[in-house]
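Inspection log for the structure reproduced underneath, given as structure tokens.
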Amino acid sequence: MSDEVLQTLTGILPRENILENEDMDVHTTFRVGGPARLMLLIDDREQLMATVRYLRLVGQKFFLLGNGSNLLVSDRGYDGIIIRLSGEFANITVDSDRISCGAAAQLSMVARTAADNSLTGMEFAAGIPGSVGGAMVMNAGAFGGDMSMITESVDILSESGEIMTLDNETMEFGYRTSVIRNSSYIVTGVTFALKPGDHDAIIACMNEIAEKRRAKQPLEYPSAGSTFKRPEGYYAGKLIMDAGLRGFSIGGARVSDKHCGFVINQGYASAADIYDVICQVQERVRDRFDVDLEREVILLGDF
């Protein structure tokens, strides 16, 4: 990255919004990862449009970071630019049975806002530790619900630099995917369509789901949630357990004893430890059952 790129960015963003050599272990739920060369904090649409327009003009690649809940960053870090939305992108507003929010809003906070306003349909999302933008990319879901069921429209920044609005059908939601996933679109905001409900019943449902999470998932350890997608006709966790990998560990990384679909950081793992456990699980399940486990976790940097 040239000094000219950094100098130009300081003319687009406030200097305090440009973080150099930012440690990524504090920005991911795995709590591992080396430094990113630059992290840009973007507070509004004008800053986003100007920044992305410039980076694309000079051919400078960048990575859009949500809550880091589905990301494994190399111990060597990332020699590039990371964009993180903040400021107005974290806003949440309610209008009747619609909730509009920025891409940086936390999904759990939006679900709590829905409950506070007696709106039902979003209870399943209360414990998902991601941002709204990230949830659109992967059609995040849990306990029988996903984003496709409640999303009315999604605002995006297109490759041509325009703000566009995509409806639910155009989003092409599928299992852990959407039209955003393999495109250059950047999610800027979302509108959820919910229904009026009983406040106490909504809270009771959210509490029940939270209890199920605590009972079944290793929430006491850093992780990225479910490490693998569910292979068609199987459950990843059961395949891993049946392959004899419950508790399998390398360094500080371990296949959770509570839920074999989770690879956890026991508190002293490196990114390399976690990556090696993931690879070993994939290899052993493939050898034993001839099933390929596809990662949900995104890799950033060199492994």
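Of all heavy-atom pairs spanning T120 and G197, the tightest one is CG2-CA, 4.2 Å. Pairing each heavy atom of V285 with each of A243, the nearest pair is CG2-CB, 4.3 Å. In this structure, F124 and G121 approach most closely via the heavy-atom pair CE2-O, 3.4 Å. For L13 against N17, the heavy-atom pair with the smallest separation is CB-CB, 4.4 Å. The two atoms that bring R288 and D242 nearest to each other are NH1-O, 2.9 Å, heavy atoms only. Residues A126 and S108 approach most closely at O-CB, 3.1 Å, considering heavy atoms.
Looking at D97, its side chain never comes within 3.5 Å of a backbone N or O of L119 through a donor-acceptor pair. The backbone N or O of D146 sits nowhere less than 3.5 Å from a side-chain atom of N139 that would complete a donor-acceptor pair. Under a 3.5 Å cut-off, the side chain of S256 and the backbone N or O of F262 do not form any donor-acceptor pair. Under a 3.5 Å cut-off, the side chain of R230 and the backbone N or O of G237 do not form any donor-acceptor pair. With R98 contributing its side chain and T191 its backbone, the two residues share no donor-acceptor pair below 3.5 Å. With T51 contributing its side chain and L48 its backbone, the two residues share no donor-acceptor pair below 3.5 Å. Under a 3.5 Å cut-off, the side chain of D302 and the backbone N or O of R76 do not form any donor-acceptor pair. Of the possible polar contacts, none joining the D116 side chain to the T113 backbone as a donor-acceptor pair under 3.5 Å is found. Remark: the backbone N or O of L166 is not paired with any side-chain donor or acceptor of T170 at under 3.5 angstrom. Listed for the D79 side chain is no donor-acceptor partner under 3.5 Å among the backbone atoms of R37.
For the pair I83/I186, no side-chain contact is recorded, criterion being any heavy-atom separation below 4.5 Å from C-beta on. K258 places none of its side-chain heavy atoms less than 4.5 Å from the side chain of I264. F89 is listed as a side-chain neighbour of T188, based on a closest heavy-atom distance under 4.5 Å. Between F192 and C101, the closest side-chain pair of non-hydrogen atoms falls below 4.5 Å. For the pair V277/R254, no side-chain contact is recorded, criterion being any heavy-atom separation below 4.5 Å from C-beta on. With contacts defined as side-chain heavy-atom distances shorter than 4.5 Å, the pair Q282/F228 qualifies. Here the side chains of F62 and L40 are not in contact, with every heavy-atom distance at 4.5 Å or above. Residues R286 and L239 fail the side-chain proximity criterion, which asks for heavy atoms closer than 4.5 Å.
When the shell of 6.0 Å around CE of M149 is examined, it contains 12 or fewer heavy atoms from other residues, nucleotides or ligands. When the shell of 6.0 Å around CD of E16 is examined, it contains more than 12 heavy atoms from other residues, nucleotides or ligands. Surrounding OH of Y234 are at most 12 heavy atoms belonging to other residues, nucleotides or ligands under 6.0 Å away. For CD of E220, the number of neighbouring non-hydrogen atoms (other residues, nucleotides, ligands) closer than 6.0 Å is greater than 12. The environment of D287 atom CG is dense: over 12 non-hydrogen atoms of other residues, nucleotides or ligands sit within 6.0 angstrom. For OH of Y235, the number of neighbouring non-hydrogen atoms (other residues, nucleotides, ligands) closer than 6.0 Å is 12 at most.
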**Stepwise side chain to side chain contact (heavy atoms under 4.5 Å, CB included) check, L300 with I82** = CA-CA 10 Å; L300 187 63; I82 287 181; 3.9 Å; yes
**Request:** Give the intermediate values and the outcome of side chain to side chain contact (heavy atoms under 4.5 Å, CB included) for residues M138 and S178.
**Result:** CA-CA 6 Å; M138 65 175 295; S178 73; over 6 Å; no
**Request:** Please assess I156 against M136 for the test side chain to side chain contact (heavy atoms under 4.5 Å, CB included), listing each intermediate value before the final yes or no.
**Result:** CA-CA 11 Å; I156 59 101; M136 292 301 111; over 6 Å; no
**Prompt:** side chain to side chain contact (heavy atoms under 4.5 Å, CB included) between E123 and F143: does it pass, once the steps are laid out?
**Reply:** CA-CA 9 Å; E123 291 87 339; F143 296 97; over 6 Å; no
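Both cation-pi conditions hold for R284 and F248: the charged atom is under 6.0 angstrom from the six-membered ring centre and inside a 45 degree cone around its axis.
Salt bridge E20/R15: present, at least one basic N to carboxylate O contact under 4.0 Å. A salt bridge links R214 with E211: the distance from a Lys NZ or Arg NE/NH1/NH2 to an Asp or Glu carboxylate oxygen falls below 4.0 Å. Salt-bridge annotation for R246 and D257: absent, with no side-chain N of the basic residue lying under 4.0 Å from a carboxylate O of the acidic one. For the pair R84 and E22, the salt-bridge criterion is not met [side-chain N within less than 4.0 Å of a carboxylate O].
F63 and Y78 have perpendicular rings, their planes meeting at more than 60° on a 0 to 90° scale where under 30° would count as parallel.
Rounded to the nearest 0.5 Å, atoms CG (L194) and CD1 (I99) are 5.0 Å apart. One finds the CD1 atom of I163 at 5.5 Å from the CE atom of M49 (value rounded to the nearest 0.5 Å). Between the NE2 atom of H259 and the NZ atom of K216 there is a distance of 8.5 Å, given to the nearest 0.5 Å. In this structure, E4 CD and Q60 CD are separated by 11.5 Å, a value rounded to the nearest 0.5 Å. Note that CG of N70 is 10.5 Å distant from CG of L72, once rounded to the nearest 0.5 Å. The structure places CD of Q106 at 8.5 Å from CD1 of I92, a figure rounded to the nearest 0.5 Å.
M39 and I42 are members of different hydrophobic clusters when ILVMFWY side chains are connected at heavy-atom separations under 4.5 Å. Hydrophobic clustering, with ILVMFWY side chains joined whenever heavy atoms are under 4.5 angstrom apart, groups L38 together with L85. In the hydrophobic clustering of this structure, I18 groups with Y54; members are Ile, Leu, Val, Met, Phe, Trp, Tyr whose side-chain heavy atoms approach within less than 4.5 Å, directly or through other members. In terms of hydrophobic clustering, with Ile, Leu, Val, Met, Phe, Trp and Tyr side chains grouped at heavy-atom distances under 4.5 Å, V132 and M109 are assigned to a common cluster. Grouping the Ile, Leu, Val, Met, Phe, Trp and Tyr side chains by contacts below 4.5 angstrom, directly or via other members, places L293 with F30.
The side chain to side chain donor-acceptor pair (under 3.5 Å) test applied to D23 returns no partner, not counting sequence neighbours.
Side-chain contact of T165 with D155: a donor-acceptor pair under 3.5 Å is present, judged by distance alone.
Across T29, N265, T28, a single residue satisfies side chain to side chain contact (heavy atoms under 4.5 Å, CB included) together with P222, and that is N265.
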